[in-house]
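When a ligand or atom number is given, it counts from 1 through the structure's own listing order.
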Amino acid sequence: MRIGKPSDRPNVLIVEDEPAQREVLAYNLEAEGFDIARAENGEEALLLVAEATPDLIILDWMLPNVSGIEVCRQLKTRAETKAIPIIMLSARSEEVDKVRGLETGADDYVVKPYSVAEMMARVRTQLRRSRPTAVGQKLEYLDITLDSETHRVTRAGKQVKLGPTEFRLLSTFMEKPGRVYGRDQLLDRVWGRDIYVDTRTVDVHIGRLRKALCQHGGDDPLRTVRGAGYALG
Ligand code: CA
């Protein structure tokens, strides 16, 4: 069994054909506490995204064969991938290119050479939208609050004690209330893509989370969706 990293760390996919550029980005993002996936070209990027959805993509414009613009266009036209924030990276600085990049659906556009500090600020801005708990925000849903910095959870003002797995489960649900997560998606998000865990393990931890959330009374906020998975609310 391979043990994966806990996936409450945001996963960033870097798509860049120049090894030196790719490694500088990877080094700096890892230092910020992110999990990194790397792709050398557009085809590889599309395959990786189909396998596991990253929280953010940094996408170089100039790539061999399938260009960054084409990768961006494809991802932004598919319902399953259009919400993934994309930061386009380019050596071009003409305003018309920037406009073209953003028109393709890119969420931000950074011109090379860029400062590492600027890139990290832009990454955090995009992640604040896609993974609010990963950048230390407080989340609220009805009478439940979750502080991702202190790992404190309360319900109706009373503290709720959760194990690390239940905390990551609740974070996932509270980032997108109402969204139904399949067991496989929860495994990917909460346990990490590299770990082998039986899907029944998900049910066990959902049970523990339910019990913890109702320990001071109140209705069960989690919904079981037959044949699909679980949702908050
Ligand atoms: Ca390139």
Asker: If I take every N, O or S atom of Met62, is at least one of them less than 3.0 Å from the Ca ion (ligand 1)?
Answerer: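 Within the cut-off used here (under 3.0 Å), Met62 does place an N, O or S atom near the Ca ion (ligand 1).
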Asker: Mind checking whether Phe173 and Tyr230 have ring centres under 6.0 Å apart?
Answerer: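 No, they do not, as the ring centres are separated by 6.0 Å or more.
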Asker: Sort out for me which residue in Ile86, Thr125, Leu89, Ile87 forms a side-chain contact (heavy atoms from CB on, under 4.5 Å) with Asp108.
Answerer: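 Going through Ile86, Thr125, Leu89, Ile87 one by one, the side-chain contact (heavy atoms from CB on, under 4.5 Å) with Asp108 is satisfied by Ile87 alone.
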Asker: When you measure from the Ca ion (ligand 1) to each N, O or S atom of Glu18, which atom gives the shortest distance?
Answerer: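 Distance check against the Ca ion (ligand 1) picks out OE2 in Glu18.
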Asker: Would you give the angle at the Ca ion (ligand 1) between Asp17 atom OD1 and Asp60 atom OD2, to the nearest 10°?
Answerer: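 OD1 of Asp17, the Ca ion (ligand 1) and OD2 of Asp60 span an angle of about 100°.
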Asker: How are the rings of Trp61 and Tyr109 set relative to one another: parallel (under 30°), tilted (30 to 60°) or perpendicular (over 60°)?
Answerer: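 Geometry flag for Tyr109 against Trp61: perpendicular rings.
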Asker: Taking the side chain as C-beta and beyond, is there a heavy-atom pair between Val12 and Phe34 under 4.5 Å?
Answerer: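 Side-chain contact under 4.5 Å: yes.
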